[in-house]
Every structure is written in C-alpha cells, then in structure tokens.
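Here's the structure we're looking at; comments come further down.
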There are 2 protein chains.
Amino acid sequence: MARASLTRDDVLDTAANLVKQHGPEALTMRKLAAELGTAVTSIYWHVGNRESLLDALVRRTVAELGEIRPAGRTPAERVVSVARILRRRLREHPHLVAMVHERGLTERMFLPAQQALVREVHAAGLRGARAAEAVRAVQFQVVGFVLVERNRERAPAQQPTEDRYDDPALARAFARPVDEERLFVRSVRALTQSLLDGEEAARKQEESARK
Amino acid sequence: MARASLTRDDVLDTAANLVKQHGPEALTMRKLAAELGTAVTSIYWHVGNRESLLDALVRRTVAELGEIRPAGRTPAERVVSVARILRRRLREHPHLVAMVHERGLTERMFLPAQQALVREVHAAGLRGARAAEAVRAVQFQVVGFVLVERNRERAPAQQPTEDRYDDPALARAFARPVDEERLFVRSVRALTQSLLDGEEAARKQEESARK
DNA sequence: ACCTGAACACCGTTCAAGT
DNA sequence: ACCTGAACACCGTTCAAGT
C-alpha cells in the first residue's frame, strides 16, 4: 500500500471505504489519517475539512450511479421495474440516501430515475401537472420505502408487539418478519396501477364526453 | 427557575426542550448541565449516560402520543384519515421517527395506528396475510413519506435540475415546490384504493366462482 | 506545493472524594 | 442518597513551522 505521495483521490478512496464499512459517523479525521499513514493535518490540505470531504465523496458516488433502463411490456410494468432498479441501487450504497439528502443533492441524484419515470407516465397518457404528480408520488414512495427499510435494519431487535386481533392468520403474519422485496413490489404496483389506471379512465371519460 | 433539588424529570424535561429546539445531535451533556445549573456528572447519577437519557426521552414521548380515531364514511376514507393523523403527529415531533427507529421502538410506536388500520382493512373485507400486508404497505408508505419530507426540510436549497422535457406544463410543475400535503393524500388514497378495491374485486370473483 | 506537531476548544465518561 | 471537580480518551480544526 506504499504511495509516492498523498493525493486527493487517495483520501477520497480510503474515506469511501471507511464510510462503506462503518457508516459516515465512523469516519473521523484521525482514523482516516491513521489508515492513510499520514498526519491528520495533511488531509486538510487535500480536501479542506471533514464536511467538504464527505461532500466530495457523495458527489463522486452520485456521478457514478449511471442511468436506468426500464424493462417490461406495459408502462405500469416499466414503472415498477424503474422502482426496483432504484431500490437495488440505493441498497448497494446504504448510507448514500441520507448523505445525499443532507447535502441537498436529492433532486440531482434522482434525475435519471425521474427521466425514466416521465417517459413511462407519458406513455400511459398522463401529461403536465398530473404526470409530474404521478412521478413524484412514485419517487417519494421508493425513497421512503428504502429509508424505512434502512432504519429497520439498523434498528435493534424490535420489541414484539403482543397484539390480540380476532384474526389468527393476521396475527401470525404480523409475527413473521417482513418480506420487504415482496411488500415493496406490491406497494409500488398498487400505487402505480391506481395512478395510471385512474388517469386512463378519466381520460376515456373525457373523450367520450366530448363526442 | 430555582429548584429544590435535581430530579430525573428535571433532566428529562430540559433535555426534551433542547432536542425539540435543536435536534438530538445538539444535546450535549455539558450544555444540558449548564442549562440545569449543575455539574455534568450529576446528570449521570440521574439518568445513567447520554444514550439511556435519549432512550428514556423517546419512551416518554411515545407513551404520550395517544390513540388514533379514524374519520370518514368508507373504510378507504378512514384509512386515509388514519394516515393523515399519523403524519400530523409525526410532524409535531420532527426528531422522533429517527430516534424511535434507532432504538427499536418503531413497532411499539405504530401500534395504535396499526390497530386502527387493521379494523378498517377488516371492514373492507380483507383477512389474514393479505390484510397484514395491506396494513404494512400503508404503514411503510406513511412513515417513508414523513422521512422523505423531513429530509427535504433539513436539506439546503436543492440544486435546480434544469430538465428539458417536451411537456412544458410538466416542466413547470417540477419547477414549483412540492405541495406535500396534497401529494401525501393523493398517494395514500391511490395506494389504499388499489389495495382495498383489488381485494374486493378478487373476493367477488372467488365468490362467483364458487357458485 | 505539500506535510508536520503542537495547541485549542470541544466531546462523553469514570472515579475518588465530598456532604 | 446526591453532588462535585479532576482526569482520561476521544473529537475537528487552526496555525506556525518545516521541506
């Protein structure tokens, strides 16, 4: 791991590793310096301070995320596929969502997904403000779901909630751990269906009313 | 603000104020001691340490949250009303969701809402595993939405995303700030409708198939 | 241009000592 | 039973000094 001289990228790479493994709160300037084998103050020369180091890290990661290629036969299916790709990608970088949010880069991060979603929502016949609303609803749902998931994983074992319902199958279902992938797909599908079909139906009604 | 002697509740109250105003990360033992007019180490005698102080704080707040009374004529409307109540309540305690999650109290916190949702989902004809899934879908959506909202508020001004779509009304809609209340209600309504109606339809199909 | 150690102001926490 | 100050191990950051 010998190095000719310390570069900004060395710092970013090592910092990225620490964050990936133990989260951003575990990234201290002193540990990072130890890992790099330099004095703490050298880091400051290369990246300014802790906050701008994290900022650079986040921007680099966002830039690497790349585009989204939807799959599926219908617009609804393709919306679901975009959601799944987005979720998988966010899960590969478990700390990214929060870090991106804190730095006001959310809109930028979701631009590729947003563009893909706009295409599908257009294909389903939505336009203008209603199309924008549908796209945002899906975006909020996906990001929200991932945030909830992340929180659940970080969380210690949940206090079991000994709830008594007069529906034993439901009580058993609540006792089982959540199948998050399944719940996610079902939720997105349900939301999408409602957003697209509702609009589809309204559009047809309008058309027939015009005759 | 003179006090006979320091009590555990004094510590919790003052800590709650600090957290409410500046967030949990602003709660330092030293600032808290200054605010209380005692030595830092007194706090340790009353509450153990910083983590158990925050834990006690969260548990107290959760216990104070109270029950949820749904409103509306149909199960779907009442589900939406539960969601709105839950969202409003979470927004009154902006730091609570994250703190609750970190301490594994999520399930307990959402128990009142869960019970209300189970009743409505039952009223709509869902049972067992599918009822549980519907309840969880709504729960995930509400919590996720609030988390996204919170992140957006904390976030600095978003980099505007100069997107070029061939739909000027949509571009304008994206340029406007999000009407979160509206988006929230629409999303929950869309999801709920799909979850309940889909099930309703499936049930009717089954019934007619049995004849 | 790049790297260093010393120093400062902040943390949470422990501990022995007081009443 | 309750409160205290001193001390420890950790932070991020600045600065003057080196090459």
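Letters A, B, ... mirror the listed sequences (proteins, then strands); counts begin at 1.
Side-chain contact check for A:Gln193 versus A:Asp197: some heavy-atom pair is nearer than 4.5 Å. Side chains of B:Arg89 and B:Ile68 form a contact here, defined as non-hydrogen atoms less than 4.5 Å apart.
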Contact string for nucleotides 8-19 of chain C, one letter per nucleotide 5' to 3', B = base within protein heavy-atom range under 4.0 Å, S = sugar-phosphate only, - = neither, reads ---BBBBB----

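Side chains of B:Thr14 and B:Asn17: no donor on one and acceptor on the other come within 3.5 Å.
The pair A:Glu181-A:Arg88 does not meet the salt-bridge criterion, since no charged nitrogen lies less than 4.0 angstrom from a carboxylate oxygen.
Taking every side-chain heavy atom of B:Trp45 into account, D:dA1 is the closest of D:dT4, D:dA1, C:dG5.
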Base-pair string, DNA chain D, Watson-Crick plus G-U, cut-off 3.5 Å on both distances, | for inter-strand, is ||.|||||...|||||.||

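In this structure, B:Arg50 places its CZ atom where more than 12 heavy-atom neighbours from other residues, nucleotides or ligands lie under 6.0 Å away.
A:Asp179 meets the side-chain hydrogen bond (donor to acceptor under 3.5 Å, both in side chains) test with no other residue; sequence neighbours excluded.
At least one donor-acceptor pair under 3.5 Å links the side chain of B:Ser52 to the backbone N or O of B:Asn49.
Between B:His46 and D:dA1 there is no side-chain polar atom (N or O) within less than 4.0 angstrom of OP1 or OP2.
With B:Phe145 as the aromatic partner, B:Arg87 does not meet the cation-pi criteria of under 6.0 angstrom to the ring centre and within 45 degrees of the ring axis.
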